[in-house]
Undergrad: 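This is the structure, below, for whatever I ask next.
One-based numbering, in listed order, for ligands and for the atoms of each. Heavy atoms only: backbone and side chains are in, while hydrogens, waters and symmetry mates are out.
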Amino acid sequence: MTVRPPDHSLVRLLDGWLPRQRWFGGKGTPIDELSIGTATALLTGDPALHHLVLDVRQGDRVDHYQVLLGVRRTLPERLRGHEIGRLAGEDGIAGHVYDAVHDPDLTRPLLAHMAGETTVGPLRFRHAPGDAVRTDLDGVPGSAEQSNTSLIYGDAYICKLFRRLSPGVNPDLEVNLALSRVGCTHVPAVHGWIELEAGGDGAGAEPVTLALLSEFLRGATDGWQLALTSVRDWYAQPAPQDQPAADAVADAGGDFAAEAERLGAATAEVHRDLAEAFGVVQASEAELRAMADGMAAQLDEVAADVPELRPHVPAIRAVFAEVADAGPLPFQRVHGDYHLGQVLRAGSGWVLLDFEGEPARTPGERRALAHPLRDVAGMLRSFEYAARFLLAGGEAAGLGPVGTGAAADETPDALEWRAQAWAERNRAAFCRGYAAAGGPDPDAHRALVRAFEFDKAVYEVRYEARNRPSWLPVPLKSLARLAN
Ligand SMILES: Nc1ncnc2c1ncn2[C@@H]1O[C@H](COP(=O)(O)OP(=O)(O)O)[C@@H](O)[C@H]1O
Ligand SMILES: O=P(O)(O)O[C@H]1O[C@H](CO)[C@@H](O[C@H]2O[C@H](CO)[C@@H](O)[C@H](O)[C@H]2O)[C@H](O)[C@H]1O
């Protein structure tokens, strides 16, 4: 049953709550209008569960966000920190309104809906063909601070609730299903999904993907954590004397290069499987020029918002201009937002997650074909991030100072040398693994990789300025080094 409560009181509560959420993509711009697009009661009684799609207008742009609201007459202590506000019968709701993802009594029913392939109002719950989804597990939100909210159901499943909705099938579901079909071993199995029927939010003919239920890889560690452990070991060692940088990093203990090389190989295998699943086209010179223009347009937009980027604009623009002449290139589906936080080291090897593309991009851009070295450049940037963030922003971001090890008393130049040494060793290992497993050799396409790296770093400047200002020095520092 779909209910459309009169908007005012609930809207007022949500208007104050929404911009404070980590996953809210419109930070930095005031909300001009917030209204309820669809409201679906998934559970009535006490507690009650309401599924809402919020229409959020900021200037000319309207985004749609998914929220799950719990309502209880009395709020148990464990849910107090998640209260959004209280309604006394306005909008047909009486009681404490809270973020339902924190209430296992309300996350458990989502599995039962998927197992039963139910339809509730415009919401359709689905499971993978032949899959008997378990219904006895409570979902609790994962600790990762990400663009979406992931509910973890015991050791079995992880259910990603997409927060900002894109029209049509979400690329994460689309790509994971397609890769599973071609036998790719580097993605988790898909168990189910939730979708909103077309027209429910005015998005068009295809249903809008709301959630993706995947195999939970218990015991797997994400690449960012593994890389940081290695970086900390490296900074904890006394400064090496008279030794080539790569050897010094290798001898420091906790070397990550063998894993980086295996990650490069897994990346090339996924690119091969993406090419098989979705095909490859030759991008013309005009298309390459359009790509370079797109990079330059993002550069101008970000420089307008972030003054610290402006001194580097001419040098970056020159690098982008070069890609227009890179010759016809094979374009295909890629990951699109590839970094160390998107890969898990599981017992079976590296697994790639989150094929949604960059959260700030339009749906069309996220699905756009690209050269696979764009992903390679994303991961190369991530090695830079891992090496640098302790120096540039880690302490401010509460992520631990560099001063825990031998590097504590070193000069800025010596620390810079250390960061470059770690990043270079791991970047080289990743590229070696990628090329050896059949990917296009990054060394043979240096101008292209460089342009993709700059483009990613510019994107990161905007991402950090909006979401984690204390991290802004991380991409700015590497841009300062690369551009000069
Ligand atoms: N299948 C999985 N098994 C175990 N952990 C996972 C799985 N999928 C995601 N995660 C964890 O959840 C985090 C967020 O997942 P991700 O798909 O990247 O979401 P977001 O789009 O919000 O960034 C990952 O960094 C990883 O730590
Ligand atoms: O994982 P998301 O899809 O939410 O990606 C966004 O957030 C990422 C940060 O969580 C951001 O990645 C940047 O920071 C990472 C370290 O936290 C680093 O490994 C990446 O290289 C760097 O780009 C990503 O850009 C953004 O889209």
Undergrad: Do Pro440 and His371 have side-chain heavy atoms sitting under 4.5 Å apart?
TA: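 Result yes, sub-4.5 Å side-chain heavy-atom pair found.
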
Undergrad: Checking contacts here: is it the side chain or the backbone of Arg218 that comes within 4.0 Å of ligand 1, counting heavy atoms only? Could be both or neither.
TA: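 Neither; no heavy atom under 4.0 Å.
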
Undergrad: Please say whether more than 12 non-hydrogen atoms of neighbouring residues, nucleotides or ligands are located less than 6.0 Å from CZ in Arg310.
TA: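 It does: Arg310 CZ has more than 12 such atoms within range.
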
Undergrad: For ligand 1, is Gly341 a contact, meaning one of its heavy atoms is under 4.0 Å away?
TA: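 Right, Gly341 reaches ligand 1.
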
Undergrad: Heavy atoms only: which of Leu217, Asp222, Leu161 is nearest to atom 3 (N) of ligand 1?
TA: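 Looking at heavy atoms only, Leu217 sits closest to atom 3 (N) of ligand 1.
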
Undergrad: As a check for students: among Glu356, Gln342, Lys160, identify the option with a heavy atom nearest to atom 19 (O) of ligand 1.
TA: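 Looking at heavy atoms only, the winner is Lys160.
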
Undergrad: Could you point out which residue of Arg481, Gln420, Lys456 forms a side-chain hydrogen bond (donor to acceptor under 3.5 Å, both in side chains) with Glu384?
TA: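 Output: one option passes, namely Arg481.
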
Undergrad: Are the side chains of Leu352 and Tyr338 in contact, using a 4.5 Å heavy-atom criterion?
TA: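 Contact flag for Tyr338/Leu352 side chains = yes.
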
Undergrad: Give the contacting part of Leu353 toward ligand 1: side chain, backbone, both or neither, where contact means a heavy-atom distance below 4.0 Å.
TA: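 Near ligand 1, Leu353 shows its side chain, while the N, CA, C and O stay back.
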
Undergrad: What is the closest protein heavy atom to atom 13 (C) of ligand 1, and at what distance does it sit?
TA: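 Result for atom 13 (C) of ligand 1: Ala144 CB, 3.9 Å.
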
Undergrad: Could you work out, for atom 2 (C) of ligand 1, the closest of Asp155, Leu340, Ile158 by heavy-atom distance?
TA: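 The residue whose heavy atom sits nearest atom 2 (C) of ligand 1 is Ile158.
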
Undergrad: Using 30° and 60° as the class limits, which term best fits the ring planes of His113 and Phe125: parallel, tilted or perpendicular?
TA: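 Judged by the thresholds at 30° and 60°, the geometry between His113 and Phe125 is parallel.
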
Undergrad: Any N/O of Asp354 closer than 3.5 Å to an N/O of ligand 1?
TA: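 Checking ligand 1 against Asp354, an N or O pair does fall under 3.5 Å apart.
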
Undergrad: Pull out every atom of ligand 2 sitting under 4.0 Å from any heavy atom of Ser382, numbered as shown with elements.
TA: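 Taking each heavy atom of Ser382 in turn, ligand 2 has 18 (C), 19 (O), 20 (C), 21 (O) under 4.0 Å.
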
Undergrad: Between His102 and His82, what is the ring plane arrangement, given parallel below 30°, perpendicular above 60°, and tilted in between?
TA: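 The rings of His102 and His82 lie parallel, inter-plane angle below 30°.
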
Undergrad: Taking only heavy atoms of Arg22, which atoms of ligand 2 are found under 4.0 Å from at least one of them?
TA: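 Listed by number with element, the hits are 10 (O).
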
Undergrad: Evaluate whether atom CZ of Arg446 has more than 12 neighbouring non-hydrogen atoms of other residues, nucleotides or ligands under 6.0 angstrom away.
TA: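 Atom CZ in Arg446 is not packed in, count stays at 12 or less.
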
Undergrad: Under 4.0 Å from ligand 2, counting heavy atoms only, is it the side chain of Asp354, its backbone, both or neither?
TA: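 It is the side chain that touches ligand 2; the backbone stays farther off.
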
Undergrad: Out of Glu464, His339, Lys456, who is nearest to atom 8 (C) of ligand 2 when you count heavy atoms only?
TA: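 Shortest heavy-atom distance from atom 8 (C) of ligand 2: His339.
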
Undergrad: Please list the nearest protein heavy atom to atom 15 (O) of ligand 1 with its residue and the distance rounded to 0.1 Å.
TA: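 Sorting protein heavy atoms by distance from atom 15 (O) of ligand 1 puts Ser150 OG, 4.4 Å first.
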
Undergrad: How does Ser214 reach ligand 1, by side chain, by backbone, by both or by neither, if only non-hydrogen atoms under 4.0 Å count?
TA: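 Neither part.
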
Undergrad: Say whether Asp172, considering both its backbone and side-chain N or O atoms, lies within less than 3.5 Å of an N or O atom on ligand 1.
TA: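 Min N/O separation from ligand 1 is not below 3.5 Å for Asp172.
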
Undergrad: Of the choices Trp23, Trp471, Tyr459, Tyr463, which has the non-hydrogen atom that lies closest to atom 25 (O) of ligand 2?
TA: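 The nearest heavy atom belongs to Tyr459.
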
Undergrad: Would you please indicate yes or no on a ring centroid separation below 6.0 angstrom for Tyr157 and His191?
TA: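 Yes.
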
Undergrad: Establish, yes or no, whether a centroid distance under 6.0 Å links the rings of His312 and Phe454.
TA: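 Ring-ring flag for His312/Phe454: false, centres at least 6.0 Å apart.
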
Undergrad: What closest approach, in Å, do Lys27 and Pro19 show between heavy atoms, and which atom pair accounts for it?
TA: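 Nearest heavy atoms, Lys27 then Pro19: CE-O, 3.7 Å.
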
Undergrad: Does the Lys NZ or Arg CZ of Arg418 fall within the cation-pi geometry relative to Trp234 - under 6.0 Å from the ring centre and within 45° of the axis?
TA: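 So Arg418 does make the cation-pi contact.
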
Undergrad: Among protein heavy atoms, which lies nearest atom 22 (O) of ligand 1, and at what distance?
TA: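 Looking only at protein heavy atoms, the one closest to atom 22 (O) of ligand 1 is Gln146 CB, 2.8 Å.
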
Undergrad: May I ask you to decide whether Glu174 forms a salt bridge with Arg367, counting only side-chain N to carboxylate O separations under 4.0 Å?
TA: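 So Glu174 pairs with Arg367 through a salt bridge.
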
Undergrad: Tell me if the centroids of the rings in Phe216 and Tyr153 come within less than 6.0 Å of each other.
TA: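 Here the rings of Tyr153 and Phe216 have centres that are no less than 6.0 Å from each other.
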
Undergrad: Going by heavy-atom distance to atom 1 (N) of ligand 1, choose the closest among His339, Glu215, Gln225, Arg163.
TA: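 Of the listed residues, Glu215 has the closest heavy atom.
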
Undergrad: Among Glu460, Glu356, Arg468, Arg462, which one has a heavy atom closest to atom 17 (O) of ligand 2?
TA: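 Among Glu460, Glu356, Arg468, Arg462, the closest heavy atom to atom 17 (O) of ligand 2 comes from Arg468.
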
Undergrad: Which ligand 1 atoms does Pro188 reach within 4.0 Å, using its non-hydrogen atoms?
TA: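 Selected atoms, number and element: 1 (N).
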
Undergrad: By number and element, which atoms of ligand 1 are closer than 4.0 Å to a non-hydrogen atom of Phe216?
TA: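 Numbered from 1, ligand 1 contributes 3 (N), 4 (C), 5 (N).
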
Undergrad: Just heavy atoms, cut-off under 4.0 Å: does Val351 contact ligand 1 by side chain, backbone, both, or neither?
TA: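 Val351 to ligand 1: no contact under 4.0 Å from either part.
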
